K.L.:
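Please read through the structure below; I'll follow up with questions.
Values below: every heavy atom of this structure, side chains too, minus hydrogens, waters and symmetry copies. Given the structure is predicted, the values throughout are model-derived calculations rather than measurements.
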Amino acid sequence: MPDSQRILLIEDEPLVRDLVMLNLTHAGFDVTACEDFPSGLSRLSADTWDVAVVDVMLPGGDGFTLVQKARASGQKCPILMLTARSDTQSKVRGLDTGADDYLTKPFDVPELIARVRALVRRAQPQAQVPKSPKLEFATYWVRLDTGQALTNEGEVTLSDKELRLVELFHRNEDRALSRADILEEVWGMDAFPTDRTVDNFVLRLRKLFEPNPEEPKHFITVRGRGYLFRK
């Protein structure tokens, strides 16, 4: 994740605002904060952002109206709504007014960061992947259409999650993916298992596709970041 991703946080509660700013900054984002409706709408409508995180309850107005007005002004950046409201009607209203995602308080900080990263990534142009349904590397191959694969265990059929993980690595060859990125893409935010889930699946891929799983050449650990796939 580049260090220059610009995040606008519109949140009036000081403790929540400081917590979110601290953690997003620590994750490598450039964060600007506003604490009320007028300043938030002004900054969101006037500037260029990679993601906006908007609280629903704000001094001077509500987040639903703020998002609606920002969209009407031409702001197209991904927007994550952050609120104590968890009822379905509020969620639907938030999405209908132009938000892209919805997170209720109290929230887990790793999940917030993962959702912001996912919104940034979705807004970026997708890497071009060869049209061939067959991924080949070293002495191995994977059929991306059927899940069949030639592995250290012979010819096997990958599970749905194994295949989706291979596809994700293939689309992002030579790019480090965080565990949060992988969880969101392969498992989805609703399930949101633990980082250990990702580690276990990568270990499984190494067992299948590495000549020496203890010294991986294809599914590589990037310290402090996550994992990287290299043919």
K.L.:
Mind running side chain to side chain contact (heavy atoms under 4.5 Å, CB included) on Val166 and Leu205 for me, showing each step along the way?
P.N.:
CA-CA 8 Å; Val166 169; Leu205 292 185; 4.0 Å; yes
K.L.:
What residue among Asp181, Leu177, Thr221, Leu165 forms side-chain contact (heavy atoms from CB on, under 4.5 Å) with Tyr227?
P.N.:
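That would be Thr221; it is the only one of Asp181, Leu177, Thr221, Leu165 passing the side-chain contact (heavy atoms from CB on, under 4.5 Å) with Tyr227.
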K.L.:
If you group Ile, Leu, Val, Met, Phe, Trp and Tyr by side-chain heavy-atom gaps below 4.5 Å, do Val116 and Phe107 land in one group?
P.N.:
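The answer is yes; both residues are in one hydrophobic cluster.
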K.L.:
If you measure from CG on Leu158 to CD on Glu167, what distance do you get to the nearest 0.5 Å?
P.N.:
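Going from the CG atom of Leu158 to the CD atom of Glu167 covers 9.5 Å.
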K.L.:
Look at the side chain of Asn172 and the backbone N and O of Leu168, then say whether any donor-acceptor pair between them is shorter than 3.5 Å.
P.N.:
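Yes, Asn172 side chain to Leu168 backbone: donor-acceptor pair under 3.5 Å.
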K.L.:
Looking at Asp30, is its backbone amide N or carbonyl O close enough to the side chain of Gln5 to form a donor-acceptor pair, meaning the two atoms are under 3.5 Å apart?
P.N.:
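Pair absent, no side-chain N/O of Gln5 close to backbone of Asp30.
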K.L.:
Is it the case that one hydrophobic cluster holds both Phe229 and Trp141, taking links as side-chain heavy atoms less than 4.5 Å apart, direct or via other members?
P.N.:
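Phe229 does not cluster with Trp141.
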K.L.:
I'd like to know if the side chain of Asp101 and the backbone of Met81 have a donor-acceptor N/O pair within less than 3.5 Å.
P.N.:
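No, Asp101 side chain to Met81 backbone: no donor-acceptor pair under 3.5 Å.
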K.L.:
Any idea which heavy atoms bring Pro213 and Arg206 closest together, and the distance?
P.N.:
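Heavy-atom minimum between the residues: CG-O, 3.7 Å.
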K.L.:
For Leu144 and Lys134, what are the C-alpha separation, side-chain angles and deciding distance, and is it a side chain to side chain contact (heavy atoms under 4.5 Å, CB included)?
P.N.:
CA-CA 6 Å; Leu144 299 175; Lys134 192 174 186 180; over 6 Å; no
K.L.:
What residues form a side-chain hydrogen bond (donor to acceptor under 3.5 Å, both in side chains) with Glu173, not counting sequence neighbours?
P.N.:
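side-chain hydrogen bond (donor to acceptor under 3.5 Å, both in side chains) check on Glu173 returns nothing, list empty.
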K.L.:
Using every non-hydrogen atom in the two residues, find where Lys231 and Phe137 come nearest and quote the distance to one decimal.
P.N.:
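Reported closest heavy-atom pair: O-CB, 3.8 Å.
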K.L.:
Looking only at non-hydrogen atoms, find the nearest pair between Pro59 and Asp12 and report the distance.
P.N.:
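Smallest interatomic distance, heavy atoms only, reads CD-CB, 3.4 Å.
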K.L.:
Test salt bridge (charged side-chain N to carboxylate O under 4.0 Å, His left out) on Glu155 and Arg143 and set out the steps.
P.N.:
CA-CA 11 Å; Glu155 206 168 313; Arg143 292 278 308 190; over 6 Å; no
K.L.:
Spell out, yes or no, whether Met57 and Leu41 are grouped together once hydrophobic residues are joined by side-chain heavy atoms under 4.5 Å, including indirect joins.
P.N.:
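Looking at the clustering, Leu41 is in the same group as Met57.
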K.L.:
Using 0.5 Å steps for rounding, measure from the CG atom of Leu163 to the OG1 atom of Thr146.
P.N.:
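The CG atom of Leu163 sits 8.0 Å away from the OG1 atom of Thr146.
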K.L.:
Do side-chain atoms of Asp62 reach the backbone of Thr65 as a donor and acceptor pair under 3.5 angstrom?
P.N.:
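Confirmed, Asp62 side chain pairs with Thr65 backbone.
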K.L.:
For Ser39, is there any backbone N or O sitting under 3.5 Å from a side-chain donor or acceptor partner on Asp36?
P.N.:
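Flag set: sc Asp36 to bb Ser39 pair under 3.5 Å.
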K.L.:
Does NZ belonging to Lys161 count more than 12 external heavy atoms closer than 6.0 Å?
P.N.:
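Above 12, so yes.
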K.L.:
Run Phe64 and Asp96 through side chain to side chain contact (heavy atoms under 4.5 Å, CB included) and show every step you take.
P.N.:
CA-CA 9 Å; Phe64 301 128; Asp96 282 347; over 6 Å; no
K.L.:
Between His218 and Tyr140, how do the two ring planes meet: parallel, tilted or perpendicular, split at 30° and 60°?
P.N.:
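Perpendicular: the ring planes of His218 and Tyr140 meet at over 60°.
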K.L.:
Okay, side chain of Gln75, backbone of Cys77: is any donor-acceptor separation there less than 3.5 Å?
P.N.:
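Answer holds: yes.
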K.L.:
For Asp55 and Arg17, what are the C-alpha separation, side-chain angles and deciding distance, and is it a salt bridge (charged side-chain N to carboxylate O under 4.0 Å, His left out)?
P.N.:
CA-CA 10 Å; Asp55 189 20; Arg17 187 171 63 248; over 6 Å; no
K.L.:
Is there a side-chain contact between Arg171 and Glu185 in this structure, where contact means two heavy atoms from C-beta onward sitting under 4.5 Å apart?
P.N.:
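Sidechains of Glu185 and Arg171: in contact.
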K.L.:
Measure the spacing between CD1 of Ile7 and OG1 of Thr25 and express it to the nearest 0.5 Å.
P.N.:
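One gets 9.5 Å once the value is rounded to the nearest 0.5 Å.
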K.L.:
Is the backbone of Leu208 close enough, under 3.5 Å, to the side chain of Asn152 for a donor and an acceptor to pair up by distance?
P.N.:
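Pair found, side chain donor or acceptor close to backbone of Leu208.
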K.L.:
Are the side chains of Ser45 and Lys69 in contact, using a 4.5 Å heavy-atom criterion?
P.N.:
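Heavy-atom side-chain distance check fails, nothing below 4.5 Å.
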K.L.:
Side chains of Thr83 and Lys105: does their closest heavy-atom pair fall under 4.5 Å?
P.N.:
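Sidechains of Lys105 and Thr83: no contact.
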K.L.:
Could you give the distance from NE2 (His26) to CD1 (Ile113), rounded to the nearest 0.5 Å?
P.N.:
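Reported value, rounded in 0.5 Å steps: 8.0 Å.
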K.L.:
Is the closest side-chain heavy-atom distance between Glu11 and Val20 below 4.5 Å?
P.N.:
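When only atoms from C-beta onward are counted, Val20 and Glu11 do not touch, as no gap falls below 4.5 Å.
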K.L.:
To the closest 0.5 Å, what do you measure between CZ (Phe37) and CG (Leu66)?
P.N.:
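It is 5.0 Å, given to the nearest 0.5 Å.
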K.L.:
Is it true that a side-chain atom of Glu13 and a backbone atom of Leu15 form a donor plus acceptor pair closer than 3.5 Å?
P.N.:
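Answer holds: no.
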K.L.:
Under a single-linkage definition using a 4.5 Å side-chain heavy-atom cutoff for Ile, Leu, Val, Met, Phe, Trp and Tyr, are Val222 and Val198 assigned to the same hydrophobic cluster?
P.N.:
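No: no chain of side-chain contacts under 4.5 Å links Val222 to Val198.
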K.L.:
Short question: side chain of Arg6, backbone of Phe29 - any donor-acceptor pair under 3.5 Å?
P.N.:
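No, Arg6 side chain to Phe29 backbone: no donor-acceptor pair under 3.5 Å.
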K.L.:
Quick check for you: to the nearest 0.5 Å, what is the distance between Ile79 atom CD1 and Tyr102 atom OH?
P.N.:
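With rounding to 0.5 Å, CD1 (Ile79) is 14.0 Å from OH (Tyr102).
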K.L.:
Which heavy atom of Leu150 sits nearest a heavy atom of Phe209, and at what distance?
P.N.:
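Where Leu150 meets Phe209 most closely, the heavy atoms are O-CE2, 3.7 Å.
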K.L.:
Any non-hydrogen side-chain atom of Val53 less than 4.5 Å from a side-chain atom of Ile10?
P.N.:
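Not touching, per the 4.5 Å side-chain cut-off.
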K.L.:
Please report the closest heavy-atom contact between Asp199 and Arg179, naming both atoms and the distance.
P.N.:
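Smallest heavy-atom distance, with atoms named: OD1-NE, 2.8 Å.
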K.L.:
Please lay out, stage by stage, how Arg225 and Ser178 fare under the test side chain to side chain contact (heavy atoms under 4.5 Å, CB included).
P.N.:
CA-CA 5 Å; Arg225 296 292 301 278; Ser178 71; over 6 Å; no
K.L.:
Same cluster for Val142 and Leu228 if Ile/Leu/Val/Met/Phe/Trp/Tyr side chains link at under 4.5 Å?
P.N.:
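The answer is no; the residues belong to distinct hydrophobic clusters.
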K.L.:
Determine whether Asp47 and Leu8 make a side-chain contact, defined as any pair of heavy atoms from C-beta on separated by less than 4.5 Å.
P.N.:
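With C-beta onward as the side chain, the pair stays apart.
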K.L.:
Pair Glu153, Arg204 - check salt bridge (charged side-chain N to carboxylate O under 4.0 Å, His left out), show working.
P.N.:
CA-CA 11 Å; Glu153 299 176 1; Arg204 171 63 176 162; 3.1 Å; yes
K.L.:
Please assess Lys207 against Glu214 for the test salt bridge (charged side-chain N to carboxylate O under 4.0 Å, His left out), listing each intermediate value before the final yes or no.
P.N.:
CA-CA 9 Å; Lys207 182 179 179 182; Glu214 300 299 321; over 6 Å; no
K.L.:
Do you know which two heavy atoms are closest between Leu119 and Pro78, and how far apart they sit?
P.N.:
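Scanning both residues, the minimum pair turns out to be O-CG, 3.6 Å.
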